[in-house]
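These numbers come from the heavy atoms of this one structure, side chains and all, not from hydrogens, waters or symmetry mates. It should be emphasised that the depicted structure is a prediction, and the values quoted were computed from it without experimental measurement. Proteins get letters first, then strands, A, B, ... in listed order; numbering begins at 1 in each.
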There are 2 protein chains.
Amino acid sequence: MKSSTIYDVAQAAGVATSTVSRAFSNPDRVGAATREHVLEVARRLGYQPNPLARALVSRRTRTVAMVVSDITNPHFFELIRGAEMRAKASGYTLVLVNAEESPRIELEQIHRLTRSVDGFLLAASRQPVEDLLQLAAGHRVVVINRRVPGLASVVLEHAEGCRQMVGHLASLGHTSVVYLAGPRSSWMAASRWAAIRGAAAELGLRAQRMGPFAPTVASGGAAADAALTTGATAAIAHNDLLAIGVLRRLADRGVQVPSDVSVVGFDDIFAADLCTPALTTLGGAHADVGRAAVEILLTSMEQSRDQPPELTVPSDLRLRKSTGVPGAPADQPGS
Amino acid sequence: MKSSTIYDVAQAAGVATSTVSRAFSNPDRVGAATREHVLEVARRLGYQPNPLARALVSRRTRTVAMVVSDITNPHFFELIRGAEMRAKASGYTLVLVNAEESPRIELEQIHRLTRSVDGFLLAASRQPVEDLLQLAAGHRVVVINRRVPGLASVVLEHAEGCRQMVGHLASLGHTSVVYLAGPRSSWMAASRWAAIRGAAAELGLRAQRMGPFAPTVASGGAAADAALTTGATAAIAHNDLLAIGVLRRLADRGVQVPSDVSVVGFDDIFAADLCTPALTTLGGAHADVGRAAVEILLTSMEQSRDQPPELTVPSDLRLRKSTGVPGAPADQPGS
DNA sequence: CAACAAATGGCAACCGATTGCCGTCCGCGG
DNA sequence: CCGCGGACGGCAATCGGTTGCCATTTGTTG
């Protein structure tokens, strides 16, 4: 059952290997009759071109790598899903790499894969800017949910989203909000905090930042406690996982959400709509982000642009039950 | 910045390429002094072996493909995560393929990847047995959450789990259960129904099956309605997504869970603990399943066993709020 | 000290494609 | 009838390694 090669086909068809090769990858270069014949023989032999051999000389592997900072976070699934679909649609293969929140692992893996993929999707990269730039000098790179001057990137809109979020809280009567920050090396965390602080200043709210916290449910306990010490009536968690952890801790401590404290998150992960109370959060088409990132990578292989594209995918604030008027009486279930 | 090859190293070190090659892949074959020298030169030149070239001749790509029937299902995330970690630990790369619930796509993709990966992990494959066997004749394959005679497999224990589940319901006083089945081509669906029916018979319960339903939240509505028509007081959904959909629909229809109807699911996805009421479900270490599958694949490359291993990862029933005594007064929140 | 084996390094074929360049054959215009 | 250019097919080098086999050196043994 050894699979057949271009040589087998060439021999069986009575032509040279170059002709077989061209019949597949450069059809106009061979006569119509010959091409038909070769293709027919190839089909009969069940010939399947070997991607490795092809890649070795053509330097195109038709593979892209997606590096995520933490595969545990359900939010990335959407990203991955979108990327996988777009890649598959163009006959590309997606390899998945989990950086486990470690810049070192991230770098190591990228290094390891350079020769075997055509480009990298770096989702929520924890890499310092200079390292990213250096990386991009040697490889095709699209960063996701991070903006780096000079690099192609796709981010889910969040500046305007943060503004809306703070506006929403202000309109409910909150006067003091706390941002429960994500990891120190997270560009998103910095960017969100800037937007929140800006919006708060505009609207005359007090804004504080606590943290950093790991963007996990487990960290939510500490984050909730920190939030309470600030006296703020609204907590903006770095992401939904953290927010859900916060909700849990608040429930344990007997703090009512949203009457005592409002809580909002980011990402609108599947569970955000299911937890109690349902989480107000900034959602968006994450799959589109992944899709767009692959798209950019693929087109950048055809023609290299002068200006690397910076895409923004729209987001929207999804109001649910975890935000409300501060001090308002708790919902009576059934009322 | 063209990366250096084995030739560059050989020249710089004043040895033959074969020596360089062996210094890396067969260290005992060269003298210690030479090896050190070559390695030193290689390091200085930043030499990195080209995996493609290596794979072309060695026929080992150090890559495994994971094919999932539906990447949308969060349950697979854990599987993927475990697989990725185990693969990375051995210096292997994980490529991810979404079969989109289509056996055709599944087959197509496997075909496409045969030459570029060392083996396949088939998670919840929808492939007919004969196709799987044929596939396994040509490739290294481990099936996940499916048992196929003659194939290596890893499944999360569920027969005993179903028994416990039915036992749990029986002990609460239920006398009639309905299984809301998964896709027709799902081995799991068939296997679970068999276990449920068996356990029900043993315990003197009435068991019915409805469906098949797509294992998604969206299908939960239809599933819930179907369940209600049976008059059963307990519904066992094919997975948590379906169960969550069922809970939603029941809430919409004003049916109390668990007092009117108990609901249980499978997988214990993250959201299962967050929905209202929290879902009783059969959970387990899904990441271990993925890990084990890769493990089996990798060891099967070293020595091919006579008997393909069939692993079972333990599961456990996680009791939460969606199951209870039928007809018992609803929980008064706050009481 | 001769003879022989083990250790070590090099030569060159090979994995399975792609591709630049050349030769042949054909049709066509002059 | 000769010459020219385009279409088509083949030769062989190349991508970057691996590996079987041979040659040389070195150490060992009788």
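Closest contact between the side chain of B/Arg22 and the listed nucleotides C/dG16, C/dT18, C/dC11 involves C/dC11. Checked against D/dG17, C/dA17, D/dG10, the side chain of B/Asn50 finds its nearest nucleotide in D/dG17. Proximity note for A/Ser25 (side chain, C-beta onward) versus C/dG10, D/dG17, C/dT18: the nearest is C/dT18.
Here the closest non-hydrogen pair linking B/Trp187 and B/Arg147 is CZ2-CB, 3.3 Å.
A/Gln127 is not listed as a side-chain neighbour of A/Leu135, based on a closest heavy-atom distance of 4.5 Å or more.
Judged by atom type and distance alone, A/Arg29 reaches the base of D/dG9 through a side-chain donor-acceptor pair under 3.5 Å. For a distance-only test at 3.5 Å, the side chain of B/Arg59 fails to qualify as a donor-acceptor partner of the base of C/dG16.
Rounded to whole angstrom, the span from the CZ atom of A/Arg54 across to the P atom of D/dG16 amounts to 18 Å. Regarding A/Gln48, its CD atom lies at a distance of 14 Å from the P atom of C/dG16, rounded to whole Å. Following rounding to the nearest Å, B/Tyr47 (OH) and D/dG16 (C1') show an atom-to-atom distance of 7 Å. Going from atom CG of B/Asp8 over to atom P of D/dC15 covers 11 Å, rounded to whole Å. A/Leu56 has its CG atom 17 Å from the P atom of D/dA13, to the nearest Å. In this structure, OH of A/Tyr7 is placed 7 Å from C1' of C/dA17, rounded to the nearest angstrom. Rounded to an integer number of Å, the gap from A/Leu45 CG to C/dA17 P is 12 Å. In this entry the distance linking CD1 of B/Ile6 with C1' of C/dA12 reads 14 Å, nearest Å.
Within 4.0 Å (heavy atoms only), B/Ser58 reaches no atom of the nucleic acid at all. Among the heavy atoms of the strands, none lies under 4.0 Å from A/Arg115. Using a 4.0 Å heavy-atom criterion, one finds that B/Val15 contacts the sugar-phosphate atoms exclusively. Looking at heavy-atom distances under 4.0 Å, A/Phe24 makes no contact with the nucleic acid at all. Residue A/Pro51 is classed as having no contact, given no heavy-atom separation below 4.0 Å to the nucleic acid.
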B/Leu94 vs B/Val294, side-chain contact (heavy atoms from CB on, under 4.5 Å): CA-CA, chis, key distance, verdict: CA-CA 10 Å; B/Leu94 206 247; B/Val294 172; 5.5 Å; no
Could you go step by step and tell me if A/Ser116 and B/Arg54 meet the side-chain hydrogen bond (donor to acceptor under 3.5 Å, both in side chains) rule? CA-CA 11 Å; A/Ser116 9; B/Arg54 200 191 278 245; over 6 Å; no
Please assess A/Lys88 against B/Ile105 for the test side-chain contact (heavy atoms from CB on, under 4.5 Å), listing each intermediate value before the final yes or no. CA-CA 10 Å; A/Lys88 174 138 54 68; B/Ile105 295 184; 4.2 Å; yes
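Near DNA chain D, defined here as any heavy-atom distance below 4.0 Å, there are no residues from residues 107-114 of chain B.
The pair B/Glu84-B/Arg81 fails the salt-bridge criterion, with no side-chain N (NZ, NE, NH1 or NH2) lying under 4.0 Å from an Asp/Glu carboxylate O. Remark: A/Arg112 does not engage A/Glu108 in a salt bridge, criterion side-chain N to carboxylate O under 4.0 Å.
Along DNA chain D, the nucleotide nearest A/Asp28 and the nucleotide nearest A/Thr17 are compared for position; the residue whose nucleotide lies closer to the 5' end is A/Asp28. Both B/Ser18 and B/Val57 lie close to DNA chain C; mapped to their nearest nucleotides by heavy-atom distance, the more 5′-ward contact belongs to B/Ser18.
Taking 4.0 angstrom as the limit, B/Ser21 places none of its side-chain polar atoms (N or O) nearer than this to OP1 or OP2 of D/dG17.
Checking B/Arg29 against B/Ser18 by side-chain atom types alone, no donor-acceptor pair falls below 3.5 Å.
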